[in-house]
Asker: 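Supplied in C-alpha cells, the structure appears directly below.
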Amino acid sequence: MAGATPMSRALLLTVNVHGVGPEAASQPEADLFGRDAHGKYTYRIGLERLLDALRAFGLPATLFWPSGEAQRMPALFERCLRDGHEVASHGRAFEDHATLGAAEDAVIEEAHHELTRLAGSGAPRVPFADGNLVGAHDPDIATPRLPLRFQFPRRRRTLFARWGWRAGNDRAAGLGSPDRRHSFPPPRHPGPGGGADERGARALLAVDGYACLTFHPRADIGIGRAARLPMLKRLSDLAAGHGALPMRGAALAERMLTVILPN
Amino acid sequence: MLERHAVKATFFCCGYDAEHWPEPFREIHRAGHEIAAHGYQHEGFDLGEREPELLAKTHHILTEVVGEAPVGWCSPSGRKTRLTLPTLRSLGYRYDASEKDEDLPYLLDDRFAIVPNNTVSLDDFPLYFSGGALASEVERNFVEEFDAILGGDGYVHLTIHPKAGGGSGTPARAAAVDRFLAYAKATPGVRFMTCREIADHCLASPGAWREPRR
C-alpha cells in the first residue's frame with residue numbers, strides 16, 4: 001500500500017485468540033495452567049475484558065479463532081459475532097502449518113467447518129481468513145476448496161502489540177526454555193518518543209499508510225491485564241491521527257481486490 | 001520497611017529454611033505478619049507420591065517454629081497435582097495462592113479460597129531475573145498496575161522477594177518498593193490485608209465470592 005492516499009489508509013486490529021495458546025502444541029496442557037497465567041485467564045476474564053474494551057472504544061476488530069478455542073468459549077465466540085467483529089480462522093489448535101504436509105488441507109477445512117457450525121446459520125456471514133499461513137506458504141496450495149479471501153503478511157508489516165515487545169523479540173523471551181515459568185520480558189514504558197509499538201506504528205503509517213496491530217487476550221504476553229488495555233486506545237488514536245481508521249480484515253481485502261489491484 | 005509503613009504482609013516460607021534458620025521466621029511472625037507455606041525446598045515440579053509427605057513436613061515445621069499452623073499455601077512453580085489440594089485441605093488449609101487465572105479472589109467451595117497472584121506484572125522476580133528491568137521501570141510498572149486495577153477490580157496482589165538477583169533486596173530495588181508502598185498507602189480507600197484476611201473475608205460471604213464476576 002505504498003504511496004497510499006489518506007483515503008486509503010487503514011488500521012487493522014487483529015486478535016489472536018490464545019486461550020491455552022500454542023504452547024500446548026508442544027507440552028501437556030496441564031503443565032501450563034498455573035504457570036504463565038495465560039490459559040484459564042483468557043477463559044475467565046481476558047477475552048471478555050478485551051471485548052469490553054473494543055466495545056467501549058468503538059473499535060471493530062478481526063478475531064482469529066482456532067476452532068478448538070471457539071469450542072471452549074462458545075459464549076464469547078457468539079458475543080464476538082454479536083459485537084460486530086469479524087471471525088476469522090486460526091487453524092484448529094495452533095498447528096505449525098509448515099510441518100503439516102499433506103494433512104494441511106484437512107486441518108484448514110476442519111477448522112473452517114467447525115467455525116461455520118459454531119457461527120450458526122443465523123449469524124452474519126463469516127468471511128473466514130487464516131492467520132497461520134505466512135512466509136513460504138502458498139495459500140493457493142492449501143485452500144483451494146474454501147472461500148478464503150485473504151491472508152495477512154504478518155512478518156513484514158504486522159506490529160505485534162504485545163506487552164514487553166521489543167525489536168527482534170517476537171512474543172516473549174525464552175519460549176523454548178525448559179522452564180518457561182518466568183520467561184517474561186520486562187515492562188517497557190513509553191519514552192519521550194513513545195513506546196516501541198507507537199514508534200513502529202507511526203513509521204508504518206507514514207510509509208505504507210497501513211498498520212496491522214495484533215493483540216492477545218492472555219495475561220502474560222497479551223493485553224488481558226487491566227493496566228495494558230489503554231494501549232489499545234492509544235495506538236488506535238495514533239493511527240486515527242495519521243488518517244488510518246480501523247477496518248476489518250475482510251473489508252480491507254475486498255478493497256484491495258476490487259479497488260487497488262484492478263488499478 | 002513494612003514496620004515503617006505499618007503494613008502486615010504474608011510471607012510464603014519454605015520448610016527447609018525455617019527448619020535450619022528458625023529465628024528470622026519467628027521474628028516475622030512476632031511482627032504480626034502471616035506465615036504461609038511455600039514448599040519444603042521450593043519444589044517446582046511433580047513430586048509424585050512424595051508430595052503429601054513434603055506438604056505435611058513443611059506444615060509441621062512451620063507450625064513448630066512459629067507456634068501457629070499456616071492456613072495458606074503458594075506453589076513455588078504455580079503447579080499443582082491431583083494430590084495437592086486434598087492434602088492441603090486435610091491439613092487445615094483455607095486458601096491456595098498459586099493460581100494466576102483471575103485478578104479477583106474466588107472460592108472453590110464454602111471452605112476453600114483461591115487467592116490468585118500476578119506473576120506476570122506484579123511480581124519482582126520475573127521482571128528482574130528474566131527481564132533485566134531497572135528498578136525505576138519496575139516501580140513505574142507497579143504504580144501503573146495499581147492505578148489501573150484501582151479503577152477496575154480494586155484488588156492488587158503484589159509479590160516481593162527479598163533476594164538480590166531476582167528480588168528487591170538491593171538498596172535501589174528496596175527503595176522502589178518503599179516508594180510504591182508509600183504511594184499505595186497515600187491513596188484514599190486503600191487497605192492492606194494479608195492473604196489469610198482476604199481468604200477469610202471471602203469465606204465469610206461465600207455467595208458473593210464463588211463467582212465474583214457473576
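Source: prediction; values computed, not measured.
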Asker: With the threshold set at 4.0 Å, does a side-chain nitrogen-carboxylate oxygen contact exist between K40(A) and E102(B)?
Answerer: no
Asker: Atom CD of E145(B) and atom CZ of R228(A): how far apart are they, to the nearest 0.5 Å?
Answerer: 6.0 Å
Asker: Of D103(B), N118(B), V120(B), which is the lone residue that meets side-chain contact (heavy atoms from CB on, under 4.5 Å) with Y41(A)?
Answerer: D103(B)
Asker: Quick one, R225(A) and I149(B) - any side-chain contact, counting heavy atoms below 4.5 Å?
Answerer: no
Asker: Go through E99(B) and R44(A) one step at a time and tell me if the side chain to side chain contact (heavy atoms under 4.5 Å, CB included) criterion holds.
Answerer: CA-CA 12 Å; E99(B) 291 287 350; R44(A) 286 189 70 99; over 6 Å; no
Asker: Let me know if D153(B) has heavy atoms under 4.5 Å from chain A in its side chain, its backbone, both or neither.
Answerer: side chain
Asker: Does K163(B) have more than 12 heavy atoms from other residues, nucleotides or ligands lying within 6.0 Å of its NZ?
Answerer: no
Asker: Over all heavy atoms of both residues, which pair between A227(A) and E144(B) is shortest? Give the atoms and the distance, please.
Answerer: CB-O, 3.9 Å
Asker: Which side chain to side chain donor-acceptor pair (under 3.5 Å) pairs, counting each pair once, include a residue from residues 104-114 of chain B, with sequence neighbours left out?
Answerer: R89(B)-D109(B), D101(B)-Y106(B), D110(B)-R210(B)
